[in-house]
Every structure is written in C-alpha cells, then in structure tokens.
Amino acid sequence: MTNCIFCKIAAGQIPTKKIYEDEDLIAFHDINPAAPVHFLVVPKMHIPTLADCDENHAALLSKMMLLAPKLAQEQGCGYTTNGNGNGAGGFKTLFNTGPDGGQEVYHLHLHVIGGPKPWRGQR
Ligand code: 5GP
Ligand code: ZN
C-alpha cells in the first residue's frame, strides 16, 4: 500500500521505537501513548481492518494475540499469578475497527496498553 503509514513502518521507511520484528509481524511503541506502556502489534501484510479478516488470517491473528502477553511482560506490564488465584499487573488489548470503533489507521493493529489503570477512559 503506497500511502499507508504502517506499511512504511513495516518496510523500515519511517523510523519507530521498535520492540519486536519477525517475518510476519512488527511491534512498536505508539507515538501518542494512552498509558505508561502502549505498543502496537502490526502484521507486515496490509489488511485494512479486523472486519477484512477471514479463515485465511487465522494463524496471523493467533500469532498477534499470543505475542501480546510476551511483549507486555518484556515491557513491564505482564500479568502474573502467585498460584493462589491472586493476580497482579496486566494490560488491555484492543482492536479498533471502523469509524465508530475509533480506527484512525486503516492497517490492522492490536493495541496493548498497560501500566497502572491503563483503562482510564482515553482509549
Ligand atoms: P487506531 O485509532 O487506528 O486504532 O490507532 C492508531 C494508533 O497509531 C494511534 O494510537 C496513534 O497514536 C498511532 N500512530 C499513528 N501514526 C503513528 C506513527 O507514525 N508512529 C507510531 N509509532 N504510532 C502511530
Ligand atoms: Zn498498510
């Protein structure tokens, strides 16, 4: 996609604070963080929205979801349990879809938002 900002980031044409990259995905800090930790997990393939996904994207979506808690752990907002049902830390995961979903960049991405009370209502 010629004019897509996340395609350009994935291609290394625009600098970003990258935290992860493999053959399918890239993850980087959001330029306008809504919380102490706020990064995006983004497929390198251009898919406009979650609503454009089908069975062919199942493995990719799964990979994005499974990567989120690992990166959250590395970024200091992982979820931990002590084995007695008491949990600590944690993060919020979010796909915005379409205008009513608040989507601004039409290249699929998963927000991971963490830190103390990251759900303050901004996102
Ligand atoms: P959306 O509203 O589409 O779900 O979220 C798009 C997100 O991308 C926003 O949180 C916005 O701050 C972030 N964003 C937009 N442009 C850039 C950019 O050039 N670099 C980075 N790192 N984040 C961006
Ligand atoms: Zn794109």
Side-chain angles (χ1 to χ4, degrees):
M1 269 280 152
T2 340
N3 244 341
C4 172
I5 189 119
F6 286 178
C7 279
K8 287 182 179 167
I9 288 175
Q13 293 165 357
I14 292 179
T16 188
K17 288 194 196 162
K18 183 169 65 176
I19 59 172
Y20 178 86
E21 183 169 12
D22 66 23
E23 66 276 21
D24 301 315
L25 304 177
I26 185 166
F28 50 86
H29 290 287
D30 196 293
I31 205 166
N32 182 23
V37 179
H38 185 175
F39 62 88
L40 306 172
V41 179
V42 182
K44 289 185 171 177
M45 176 194 295
H46 182 86
I47 305 164
T49 79
L50 187 61
D52 295 296
C53 292
D54 59 26
E55 296 71 26
N56 296 312
H57 302 103
L60 186 65
L61 289 168
S62 168
K63 194 169 173 179
M64 291 170 71
M65 298 298 284
L66 294 173
L67 182 62
K70 291 181 186 156
L71 295 183
Q73 190 73 38
E74 289 176 15
Q75 295 301 313
C77 62
Y79 174 62
T80 55
T81 51
N82 64 6
N84 296 321
N86 298 317
F91 53 90
K92 170 165 149 160
T93 46
L94 179 67
F95 285 98
N96 291 328
T97 303
D100 288 354
Q103 187 170 2
E104 292 168 5
V105 176
Y106 280 76
H107 177 130
L108 184 69
H109 53 280
L110 172 60
H111 293 259
V112 182
I113 301 171
K117 304 229 172 162
W119 50 87
R120 281 187 303 252
Q122 291 125 324
R123 300 267 170 174

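Order of listing sets the numbers, starting from 1, for every ligand and every atom in it. Just so we're clear, the structure is a prediction, and the values are computed from it rather than from any experiment. All values below come from the heavy atoms of this structure, side chains included, with hydrogens, waters and symmetry mates left out.
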Distance filter under 4.0 Å to [X] heavy atoms, resulting ligand 1 atoms:
| X | value |
| --- | --- |
| F6 | 8 (O) |
| F28 | 21 (C), 22 (N) |
| L40 | 8 (O) |
| Q103 | 2 (O), 3 (O) |
| N96 | 1 (P), 2 (O), 4 (O) |
| T16 | 22 (N) |
| N32 | 12 (O) |
| H111 | 1 (P), 4 (O), 5 (O), 7 (C), 10 (O) |

Legend entry - Main-chain N/O of D22 paired to K44 side chain as donor or acceptor, under 3.5 Å: yes
Inset, instruction - Specify which N/O/S atom of H107 comes nearest to the Zn ion (ligand 2), by atom name. - result: ND1
Can you measure from [atom1] ([X]) to [atom2] ([Y]) and round to the nearest 0.5 angstrom?
| X | Y | atom1 | atom2 | answer |
| --- | --- | --- | --- | --- |
| H46 | C7 | NE2 | SG | 5.5 Å |
| T49 | N96 | OG1 | CG | 11.0 Å |
| I9 | K17 | CD1 | NZ | 12.5 Å |
| D52 | H107 | CG | NE2 | 11.5 Å |
| T16 | I26 | OG1 | CD1 | 7.0 Å |
| L50 | M64 | CG | CE | 8.5 Å |

Inset, instruction - Verify the neighbour count for atom CG of D100: are there more than 12 heavy atoms of other residues, nucleotides or ligands below 6.0 Å? - result: no
Legend entry - Residue K63 excluded, over 12 heavy atoms near NZ under 6.0 Å: yes
Under 4.0 Å, heavy atoms only, figure out whether ligand 1 is touched by the backbone of [X], its side chain, both or neither.
| X | answer |
| --- | --- |
| F39 | neither |
| I9 | side chain |
| Y106 | neither |

Could you tell me whether [X] and ligand 1 have an N or O pair separated by under 3.5 Å?
| X | value |
| --- | --- |
| G102 | yes |
| H29 | yes |
| V105 | yes |
| E104 | yes |
| I31 | yes |

Legend entry - L94 to ligand 1, any heavy atom closer than 4.0 Å: no
Inset, instruction - Check if K17 has a non-hydrogen atom at a distance under 4.0 Å from any atom of ligand 1. - result: no
Inset, instruction - Could you verify whether a donor N or O on one side chain and an acceptor N or O on the other, from H111 and H38, lie under 3.5 Å apart? - result: yes
Inset, instruction - Select the closest option to atom 7 (C) of ligand 1 among D30, I5, T97, judged by heavy-atom distance. - result: D30
Legend entry - Opening angle between SG in C7 and ND1 in H46, taken at the Zn ion (ligand 2), to 10 degrees: 110°
Inset, instruction - Could you tell me whether F6 and F28 have their ring centroids closer than 6.0 angstrom? - result: yes
Inset, instruction - Return the minimal non-hydrogen interatomic distance between A72 and F91, and the atom names on each side. - result: CB-CD2, 3.5 Å
Legend entry - pair L67-L25: side-chain heavy atoms closer than 4.5 Å: yes
